[in-house]
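This report concerns only the one structure given below.
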Amino acid sequence: MMTLSRIIEILGCEILYCGDEDPEVESVGAADLMSDVLAFGGPGMILVTGLNSPQCVRTASVVGATAVVIIRKRNVPETTIELAKELDMPLVHARMSMYRACGILFNENLGDSLEEGKHID
Amino acid sequence: MRKGNTLTERNVDDLLDKLRGLFADITARDIMIKSVVTLTKDRTMWQAKELMRICKISGVPITDGNSQLEGIVSIEDIIVALEGNHITDPIEKHMTRNLVTFSPEMNLETLIERFNRYRYGRFPVVDSDGKLVGIISKKDIIGAILDKFRLIYVHDNRRREILEQSVDWFDKSLISGDYVEKTSADFVYHIDYTDVDTAGVGSAKLKSYLKTLTDDDTLIRRVSIACYEAEVNVVIHSGSEGYIFAWYDEDVTRVRVEDYGRGIENVEQAMKEGFSTASDHVRELGFGAGMGLPNMRRYSDKMVVVSEAGKGVVLEMHFYRNGRK
Ligand SMILES: Nc1ncnc2c1ncn2[C@@H]1O[C@H](COP(=O)(O)OP(=O)(O)OP(=O)(O)O)[C@@H](O)[C@H]1O
Ligand SMILES: [Mg+2]
């Protein structure tokens, strides 16, 4: 368990949208294909993804995720940020590779939310 | 079965053959529960009993802490321990060590045969290194069979019936067979396939709408995830506009997603996990894992898909209030 603000700090993220609260994060789900997230994702997870289209925010919202961390992309489209505001889904941008970001989070002992068999409704 | 359809011996043989074929490819690996609750043998029988009570399970595999299987404690062992007044002893003293285990590759026929032969309630699944990889109870076997049957029901019966009758399936409920009054739907959304960024807006609206009707969050979540998958499919694959219709009832929420586009040639294949015709372009948009239809099946209680190449897709899903967890 750690707070979103702490995650933002250790990944050196740029904040694109964040709500008033500083939610607790229990686990991390890393995926570029949204159906993987829809299959196994659930509350308490942050979605770490290389996808920067609005769909990543929409998918996170549908499974009830806590926040979205977009990895590596040069920029994040305005439409994605707009949707994050609309759905009140914290959205941050980490300019590092997926491997590095996941490695850092893994070291913090956060769970793997997409591990098969977990969170299946 | 239709009226007047009597089962002759020949029919039964055919049916059995067909079923055998259907189940032939199911292995222990497909059925087993992978997240097994285990204990080490230095814990007490009392702890095993508590764990079984809390997790509502009838047996706990005992490992050396490194997934190496050493024994099992079953309800029977607990009863014996209670009767003999040694419930506070370490597990090591009372666990069953002579284990019958399954290998992940065993097929369903063998599994059923073992269940009948040994009459235990559950069997650990162990790989060739003696590592515990899962557990299977009778309930899991029945679950796997029912799952498979659901697929037959979806793709064989209803689908053929509907196609053979050649009625316009766009006007009929695929599940109940009744004509659907689309104008009576509690929720209607027109899917615009020209803007990929809007894929999912309809499901989000349905979610907000359901929130005004119920506070059953699990139900809302299941409906919105399944509907989102269906909506995205229309936008990404159909090349046509479509509609989402939903009817909310105390007991069942019904969702119907239809499009008039290129359709699915082989529905059974499309239902398989990992099957996708998505192009690289679609993958860049975050879709194409081939998990959409399997996800819909996973989250809904009943699901029927009817489609033919060039004739669009009609998909109907029912979600019961106390349905899948
Ligand atoms: N509405 C549709 N119109 C035409 N083809 C479809 C439609 N829905 C599904 N399909 C076909 O069925 C296949 C499987 O669909 P499914 O949703 O399971 O996976 P996917 O959409 O390819 O990937 P994912 O859903 O994981 O992003 C698709 O690749 C496509 O060929
Ligand atoms: Mg799909």
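Order of the sequence lines sets the chain letters (A, B, ...), proteins ahead of strands, with each chain counted from 1.
Surrounding CZ of R321(B) are more than 12 heavy atoms belonging to other residues, nucleotides or ligands, all under 6.0 Å away. Within a 6.0 Å sphere centred on NE2 of H190(B), other residues, nucleotides and ligands contribute more than 12 heavy atoms. Crowding of E21(A) atom CD: a count of heavy atoms from other residues, nucleotides or ligands under 6.0 Å not exceeding 12. Enclosure of atom CG in D215(B) is not indicated, since only 12 or fewer non-hydrogen atoms of other residues, nucleotides or ligands lie within 6.0 angstrom.
At least one donor-acceptor pair under 3.5 Å links the side chain of Q55(A) to the backbone N or O of V196(B).
If you measure heavy-atom distances from L38(A) to chain B, the contacts under 4.5 Å come from both the backbone and the side chain. For S203(B), no part lies near chain A; criterion is any non-hydrogen pair under 4.5 Å. Heavy atoms closer than 4.5 Å to chain B are found nowhere in T80(A), neither backbone nor side chain. Proximity to chain A is limited to the side chain of Y228(B), based on heavy atoms less than 4.5 angstrom apart. With a 4.5 angstrom heavy-atom cutoff, D197(B) touches chain A via backbone and side-chain atoms both.
With contacts defined as side-chain heavy-atom distances shorter than 4.5 Å, the pair R221(B)/P43(A) qualifies. Counting only heavy atoms from C-beta outward, the side chains of K207(B) and S61(A) approach each other to under 4.5 Å.
Note that the CG atom of L51(A) and the CZ atom of R283(B) stand 13.5 Å from one another [nearest 0.5 Å]. S35(A) OG to E273(B) CD: the interatomic distance, rounded to the nearest 0.5 Å, is 10.5 Å. Interatomic distance, CZ of R58(A) versus CD of E231(B), reported as 7.5 Å (0.5 Å rounding).
For the set D36(A), L33(A), D32(A), the count of heavy-atom pairs under 4.5 angstrom toward chain B peaks at L33(A).
Smallest separation of non-hydrogen atoms from R298(B) and A39(A): NH1-CB, 3.2 Å. Residues Y299(B) and F40(A) come closest through the heavy atom pair OH-N, 4.5 Å.
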